[in-house]
Amino acid sequence: MIDVRRIRSDYDGVYAALARRGMDALPGLAEVRELDEQLRKVAAKRDQTRAQIKELSNQVAHLHRKGDREEAAALQAESRELGEHEKRLSVEADDLRNQIRELLLRIPNLPADDCPDGEDENDNVELRRVGYDPETYGSHQRVPHWEIGAELGILDIERAVKLSGSMFTMFRQQGAVLARALCQAALDRNSDVFEEIRPPSVVLTETMISTGHLPKFADEAYQIERDDLWLIPTAEVPLTSLGRDEILDEGDLPLRYMAYTPCFRREAGSAGRDTRGLLRVHEFDKVEILAYTTPDQSAAVHAELLARAESMIADLGLAYRVIDLCAGDLGNSAARTFDIEVYAPGCDKWLEVSSVSWFSDYQARRANIRYRRAEDRRTEIVHTLNGSALAVPRVWAALVETHRQPDGSIRIPEVLHPYFRGATTISK
RNA sequence: GGAGGGAUGGCAGAGCGGACGAUUGCGACGGUCUUGAAAACCGUUGAGGGGCGACCCUCCGGGGGUUCGAAUCCCCCUCCCUCCGCCA
């Protein structure tokens, strides 16, 4: 949520920043400004009326003590009338406040100043490409992972579909070990500074609102209507709400958390796109890394998260590129995002495996996460950042394609050896 | 699921219709003392909103109600604790 006061004091600046996302980011903005102006007028009147009632009540108490019942009764009548007035103003103010919040919840974050201009993914900026040379891939690596998986018996899509429908998947044998090893390696390598959390995978509506996944993107998430609960689309959701309604100490920041969780996505509207194999599935495992920072710390921590995510991919021996998302392609809550895409030689595609984002105070304002400044003891809203340390299916796919040997077996990267019960290859 | 008890400022914990936005203790911050530190002593210290400002308003788990006036009384909800039932 962006700050109403900013809309009030720098409307043109907010308008211009949002316009960088495209014109569909602007609806509601002008209305918020108008409603806010009305609200302040009504609230001022309401407060004034309340002050009068308080004053009269005090006088009533005083008169009662003196025993002047007649005068007291007169003031009571007057106060009762003011009470009616106060009630009407109160209802009006509450109504305005709710309207403003509803609109504000749907207005996206302002892109960072240094976020590149652009309309859509075609305008994204590729920052670097690491380990990629199309000449070096042999024909044995040009086999898509769904074929490799079937051949080795480590991926069983047909039966997953039997159990749960299309776009669900199932790993078997060493394939299942690989999925788990990837997660465990990601957690272990980040355990030096990230606190490991195992949060609930099912959360309340309020928790989904805090990150910006609701109300705008309800169609993307699985809802358990009967209990008013939602399946998390990412560990970002519970981890961001850890600090909800809390005031942290500046000295404790940055706070870094990581979590391994399943992630559930309806992928509404993307049916038929990337449906083959593991490229787009309804449920997958992921290790997320996340931080709460002061505004000053956020840039450095953003770089740190990116470096962490990148080095994991590099250590798995995968080729990847880093993309700086343009303003038009930015996610709703993000101010700046770097995507990491791995190259999958078998299907000859770049696969997005991590979005490392800085959300400025957008999510934290929704979640009301604050910190107390050491210098003047005042409270301020924290910044949140997060990214995938590892997302299983796509990395799994790129890995088996990249490390497929001429004999059809898969070489297990060294960083995963500790998790493979002594095996160094996956073969029939 | 049933019965009872609870929810108050960073934490602990009073208050139970009228100067209560809230006694007190701890913690935190500032100061005195000290070569320095500890201890002791003194002072400050909840959050949010509005107004150029003196100030004003809101918040005692959440929502309704009674009253001139509610942290205090009534109703509903949520969560926590104890006991019973059920259960991986």
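Reminder, nothing fancy here: chain letters follow the sequence lines and each chain counts from 1.
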If you measure from the [atom1] atom in [N] to the same atom in [M], how many Å do you get, rounded?
{"N": "B/C16", "M": "B/G10", "atom1": "C1'", "answer": "26 Å"}
{"N": "B/C75", "M": "B/A70", "atom1": "C1'", "answer": "15 Å"}
{"N": "B/G62", "M": "B/G25", "atom1": "C1'", "answer": "29 Å"}
{"N": "B/A54", "M": "B/G6", "atom1": "C1'", "answer": "43 Å"}
{"N": "B/C60", "M": "B/G17", "atom1": "C1'", "answer": "15 Å"}

Check: Between A/Arg378 and A/Arg373, is there a donor-acceptor pair closer than 3.5 Å when you use the side chain of the first and the backbone of the second?
Finding: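 Checking the backbone N and O of A/Arg373 against the side chain of A/Arg378, no donor-acceptor pair under 3.5 Å is found.
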Checklist line | With sequence neighbours excluded, residues passing side chain to side chain donor-acceptor pair (under 3.5 Å) with A/Trp396 | finding: none
Next item on the list: Take atom CD of A/Glu119 as the centre, draw a 6.0 Å sphere, and report whether it contains more than 12 heavy atoms from other residues, nucleotides or ligands.
Entry: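 Check fails, neighbour count at 12 or below.
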Margin query: Please determine whether the number of non-hydrogen atoms from other residues, nucleotides or ligands lying under 6.0 Å from atom NZ of A/Lys216 exceeds 12.
Written below: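 Atom NZ in A/Lys216 is crowded, with more than 12 foreign heavy atoms closer than 6.0 Å.
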Next item on the list: Let me know the distance between CG of A/Asp245 and C1' of B/G9, rounded to the nearest Å.
Entry: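 Whole-Å distance recorded here is 15 Å.
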Checklist line | RNA chain B base-pair string [pairs: Watson-Crick or G-U under 3.5 Å; |: paired with another strand] | finding: ((((((((.[[[..)..(.....]]]((((((.......))))))(((((....))))).[[[[[..)....]]]]])))))))....
Next item on the list: Would you kindly say whether A/Asp95 and A/Gln99 are connected by a side-chain donor-acceptor distance under 3.5 Å?
Entry: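 Note: A/Asp95 and A/Gln99 side chains meet the donor-acceptor criterion.
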Checklist line | A/Arg50/A/Glu86 ion pair, N-O < 4.0 Å | finding: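 A salt bridge links A/Arg50 with A/Glu86.
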Check: When you check every protein heavy atom under 4.0 Å of nucleotides 49-72 of chain B, what one-letter string (B, S, -) results, 5' to 3'?
Finding: BSS----SSS---------BS---
Notebook entry, point to check: A/Tyr222 vs A/Phe168 aromatic rings, parallel, tilted or perpendicular, using cut-offs 30° and 60°?
Noted result: tilted
Next item on the list: Would you tell me if any nitrogen or oxygen in the side chain of A/Arg372 comes within less than 4.0 Å of OP1 or OP2 on B/C29?
Entry: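 No, because none of the side-chain N or O atoms of A/Arg372 sits under 4.0 Å from OP1 or OP2 of B/C29.
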Next item on the list: Locate the shortest heavy-atom distance separating A/Leu351 from A/Arg394; write the atom from each residue and the value.
Entry: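 Of all heavy-atom pairs spanning A/Leu351 and A/Arg394, the closest is CD1-O, 3.8 Å.
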